[in-house]
There are 2 protein chains.
Amino acid sequence: MAPRISEEAKKARRDHLLEAALECFSSKGYYASTVDDIVRYANLSKGSVYNYFESKEDIFIHLLEKKRTESMEHLKEKLDKIDSPTKKLQHWIHEDIPYSLNKKKFMRVHIEFWLYSADSPKLKEILSKRFDTMVDMTIAIITDGKKRGEFRQDLDVEQATAMFWSLHDGIWLHAVIGYDVKKLESHIREMENVFMAYIQ
Amino acid sequence: MAPRISEEAKKARRDHLLEAALECFSSKGYYASTVDDIVRYANLSKGSVYNYFESKEDIFIHLLEKKRTESMEHLKEKLDKIDSPTKKLQHWIHEDIPYSLNKKKFMRVHIEFWLYSADSPKLKEILSKRFDTMVDMTIAIITDGKKRGEFRQDLDVEQATAMFWSLHDGIWLHAVIGYDVKKLESHIREMENVFMAYIQ
DNA sequence: CTAAAAAGACTAACCAGTCAGTTTTAATAA
DNA sequence: TTATTAAAACTGACTGGTTAGTCTTTTTAG
């Protein structure tokens with residue numbers, strides 16, 4: 001007999017569950033959110049969840065993985081169209097402004113994930129995959145910018161990359177804790193000034 | 001009848017429990033740490049804990065409060081001896097380097113606290129108290145630096161303060177996730193370059 | 001008609017906090 | 001100096017509530 005629902009419908013259900021999980025995790029945190037919370041939000045029964053995911057942790061992991069690939073694909077596509085390293089970094093810094101609210105939710109979950117990764121090799125692997133990709137891309141852009149003379153010649157590329165991500169993640173960390181969106185956006189804009197003053 | 005142990009001994013027990021809690025919370029996180037974990041670490045029985053603290057959350061709160069006052073008092077004392085705003089900021093940035101390992105533990109707990117404060121007014125209050133003090137001090141130093149001509153005249157003080165703290169917290173956030181201490185220390189040193197390039 | 005999927009009551013494990021009984025300490029009495 | 005006493009502090013088995021994950025039954029799509 002044919003499967004009861006199509007593959008597309010199945011994927012839609014999975015995504016729907018992941019979005020529900022994002023809502024719960026971002027508002028209450030991972031531990032405080034129960035599987036019952038998630039299914040209530042998703043209008044599904046508890047038993048059903050386990051047709052799609054192995055465990056609560058599995059939901060957490062797939063949520064992060066999904067957001068990771070989504071945002072990376074989107075970003076790469078955009079950056080490929082830009083030639084100048086300076087403009088690439090500027091685009092990268094500002095790219096999330098239109099989605100501040102969504103990204104804020106995601107960052108809330110992401111940082112929690114990050115914190116708990118200390119004890120879980122599985123979580124750690126996913127994060128380092130994400131982190132490595134981001135870092136590699138940043139290093140490539142900054143190296144290129146040096147070569148082209150857009151950035152100072154004595155700039156330490158590894159340090160600059162670390163500073164880029166520290167500043168970025170610091171701003172988002174603050175945003176997660178109840179800052180209003182207007183302030184967040186002005187901080188992102190200021191980040192450009194800080195970083196450019198440093199690398200140029 | 002006289003109390004069975006002196007006030008100092010009582011305070012010592014409280015502190016001992018808080019240090020045990022710091023160990024547990026910083027290695028496994030708040031939710032994953034059980035009260036049994038803490039008492040095992042502290043060599044005490046479960047029942048005893050409740051002579052000192054009302055609840056697990058109460059331990060969390062007192063731990064943060066203790067670390068907050070400790071570090072603020074220490075910092076204020078040092079900064080008061082320094083006159084130049086530039087030197088004050090430099091000292092502030094570097095002040096934790098000798099205690100990197102301890103501060104890393106504390107930051108792990110602090111960030112988790114921060115994340116959960118979204119739902120708890122009690123946690124929120126403690127954090128905003130800490131944050132406001134830090135921000136006010138930073139604003140005062142930067143304003144003074146502008147007045148004295150050590151920093152650029154068109155610097156936006158509020159923005160600069162936000163950037164200072166974003167960079168600081170971003171670096172520590174990264175440190176929490178398994179960076180080795182040597183890297184952390186070099187990042188702290190680089191933070192000075194970034195921030196000075198921006199405000200001067 | 002059949003097999004996948006959904007439902008939701010149920011279970012087993014976990015854990016914060018309690019409590020009744022025990023030990024320790026220091027003030028006081030002998 | 002030593003014994004007595006009583007409150008404070010300690011102990012750990014226990015409890016009540018919670019929740020991740022299971023399982024049996026019911027529904028649905030093709």
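Labels below follow one simple rule: chain letters A, B, ... track the order of the sequence lines, proteins then strands, and each chain is numbered from 1. As a basis for the values below, the full set of heavy atoms in this structure was taken, side chains included, without hydrogen atoms, waters or symmetry mates.
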For this session: Starting from the C-alpha separation in whole Å, work towards a yes-or-no answer on ring-ring contact (aromatic ring centres under 6.0 Å, His included) for His16(B) and Tyr52(B).
Result: CA-CA 11 Å; His16(B) 179 63; Tyr52(B) 296 96; over 10 Å; no

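Distance Asp36(A) CG to dC10(C) P: 15 Å, rounded to the nearest Å. Tyr31(B) has its OH atom 12 Å from the P atom of dA20(D), to the nearest Å. Between the CD atom of Glu8(B) and the P atom of dA9(D) there is a distance of 13 Å, given to the nearest Å. Atom pair Lys11(A):NZ and dA5(C):P shows a separation of 16 Å (rounding to whole Å applied). Atom pair Arg13(B):CZ and dT24(C):P shows a separation of 12 Å (rounding to whole Å applied). One can place CG of Asp37(A) at 17 Å from P of dG8(C), the figure rounded to the nearest angstrom. We find that CD of Glu7(B) is positioned 12 Å from P of dA8(D), with the value rounded to whole Å. Counting to the nearest Å, the P atom of dA3(C) and the NZ atom of Lys10(A) are 16 Å from each other.
For the contact set between residues 50-57 of chain B and DNA chain C, defined by any heavy atom under 4.0 Å, the members are Tyr50(B), Ser55(B), Lys56(B).
Taking the centre of each ring, Trp165(A) and His187(B) stay at or above the 6.0 Å mark.
At least one test fails for Arg68(B) against the ring of Phe106(B): distance under 6.0 Å to the centre or angle within 45° of the axis. Stacking of Lys103(B) on the aromatic ring of Trp172(B) is recorded, both the 6.0 Å distance cut-off and the 45° axial limit being met.
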For this session: Spell out protein contact along nucleotides 12-18 of chain D as letters: B when the base is contacted, S when just the sugar-phosphate is, - when no protein heavy atom is under 4.0 Å; keep the 5' to 3' order.
Result: B------

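Partner Phe113(A) forms a ring pair (Phe, Tyr, Trp, His ring centres under 6.0 Å) with one of Tyr31(A), Phe60(A), Phe131(A) and no other, that one being Phe60(A).
Scanning both residues, Met134(A) and Trp92(A), for their nearest heavy atoms gives O-CH2, 3.7 Å.
Using cut-offs of 30° and 60° for the angle between ring planes, the Trp114(B) and His110(B) rings count as perpendicular.
The pair Glu7(B)-Lys11(B) does not meet the salt-bridge criterion, since no charged nitrogen lies less than 4.0 angstrom from a carboxylate oxygen.
Annotation: Glu95(B), atom CD; neighbour count of heavy atoms from other residues, nucleotides and ligands within 6.0 Å is above 12.
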